[in-house]
Amino acid sequence: MTENPHDQLVLSLFRECDALLQGHFKLTSGKHSEWYFEKIRLIEKPSALEKIVDLLVEKIEAEVPDFDTVVSPAYGAIAIGFLAALKLGKKFAFTQRADEKMTVRSGFAGLDGSRAVIVEDILTTGGSIQEVLACLKEHGVTTSGIYVLVDRSGGAVPVEGKAVGSLLALKVEAFEPDVCPFCKKGLPITKPGASDKRA
Ligand SMILES: [Zn+2]
């Protein structure tokens, strides 16, 4: 998929926590894919996640010199954002959907008017990041950076004109069953646990 040594390191870390599976998978869409990303595995093994977050922290430190708070959307990204905030020496807050609308979890103090970096686990369409941006805007928060562990959009689709930094850009091709190359090879198919409904 990629020969870049940094990408290889990131891939091996995702494999270490069993978050990235290679094989022949039936996705919830009904399409077939060679890759499956099981994001719940990321937070299941904190020591493996820590190595991944270290790389993300390095990137944020190099690219965003000054900000106040790491903000992550609930729930999957909370552990990731919290760990990043701890290592960056910043505050942490999370957003959650209340009546379908993304809001800052009530009780977080000092967020209004501050500068934030958004940390999310996986970028697919950018929908939830867009919601977090809108919600931070309402609080007068300046978004100084947006970071995801895995960009599945195929590479750097800006969200509202802001670049999204990722540790790994992974273009996942999905095939209709009748044209699936893995079916043609006769590889047995797996239907993974539906923990990642967006797969
Ligand atoms: Zn197939």
Side-chain angles (χ1 to χ4, degrees), residues 1-56 59 72-81 83-84 96-97 100 102 118-132 146-160 163-199:
M1 176 177 10
T2 168
E3 301 298 322
N4 179 306
H6 179 265
D7 286 359
Q8 289 298 333
L9 170 64
V10 176
L11 276 173
S12 70
L13 292 176
F14 282 123
R15 286 210 179 97
E16 196 178 309
C17 56
D18 296 321
L20 183 66
L21 308 174
Q22 189 177 13
H24 181 200
F25 301 101
K26 185 176 180 178
L27 306 179
T28 44
S29 63
K31 290 183 175 178
H32 296 186
S33 170
E34 183 183 10
W35 297 94
Y36 187 79
F37 201 86
E38 200 146 27
K39 64 178 188 173
I40 198 74
R41 298 273 167 264
L42 284 174
I43 57 175
E44 203 171 48
K45 293 180 192 156
S47 59
L49 176 63
E50 185 180 21
K51 293 180 198 165
I52 295 171
V53 170
D54 279 340
L55 294 176
L56 188 71
K59 195 170 166 64
S72 294
Y75 287 93
I78 289 179
I80 298 161
L83 192 51
Q96 61 183 12
R97 280 203 186 82
E100 303 284 300
M102 194 69 90
I118 299 172
V119 169
E120 167 70 304
D121 44 22
I122 301 174
L123 174 73
T124 41
T125 60
S128 65
I129 290 176
Q130 230 157 20
E131 288 178 66
V132 176
I146 305 171
Y147 289 87
V148 298
L149 297 184
V150 183
D151 172 6
R152 285 183 31 175
S153 71
V157 175
V159 180
E160 310 232 328
V164 178
S166 68
L167 280 188
L168 185 68
L170 187 69
K171 177 86 180 139
V172 178
E173 260 189 289
F175 304 93
E176 293 296 345
D178 56 338
V179 294
C180 172
F182 311 105
C183 282
K184 285 203 175 87
K185 283 185 201 158
L187 294 178
I189 193 159
T190 316
K191 180 146 183 22
S195 59
D196 182 357
K197 297 228 187 304
R198 294 177 298 177

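Note that this is a predicted model, so its numbers are computed, not measured. Note that the numbering runs from 1 along the sequence shown for the chain. Atoms within each ligand, like the ligands themselves, are counted from 1 in listed order.
For the Zn ion (ligand 1), protein N, O or S atoms closer than 2.8 Å were enumerated as H24 NE2, H32 ND1, C180 SG, C183 SG, with waters left out.
The backbone N or O of P192 lies less than 3.5 Å from no partner atom in the side chain of T190, so there is not a single donor-acceptor pair. Judged by distance alone, with hydrogens and angles left aside, the side-chain atoms of S72 form a donor-acceptor pair with the main-chain N or O of V119 at under 3.5 Å.
Here the closest heavy-atom approach between residue D121 and residue I80 is recorded as CB-CD1, 3.7 Å. Across all non-hydrogen atoms, the minimal contact from S128 to E120 is OG-OE2, 2.9 Å.
The side chain to side chain donor-acceptor pair (under 3.5 Å) search around Q96 returns none, not counting sequence neighbours.
Shown are K39, R41, K45; of these, the salt bridge (charged side-chain N to carboxylate O under 4.0 Å, His left out) with D18 is made only by K45.
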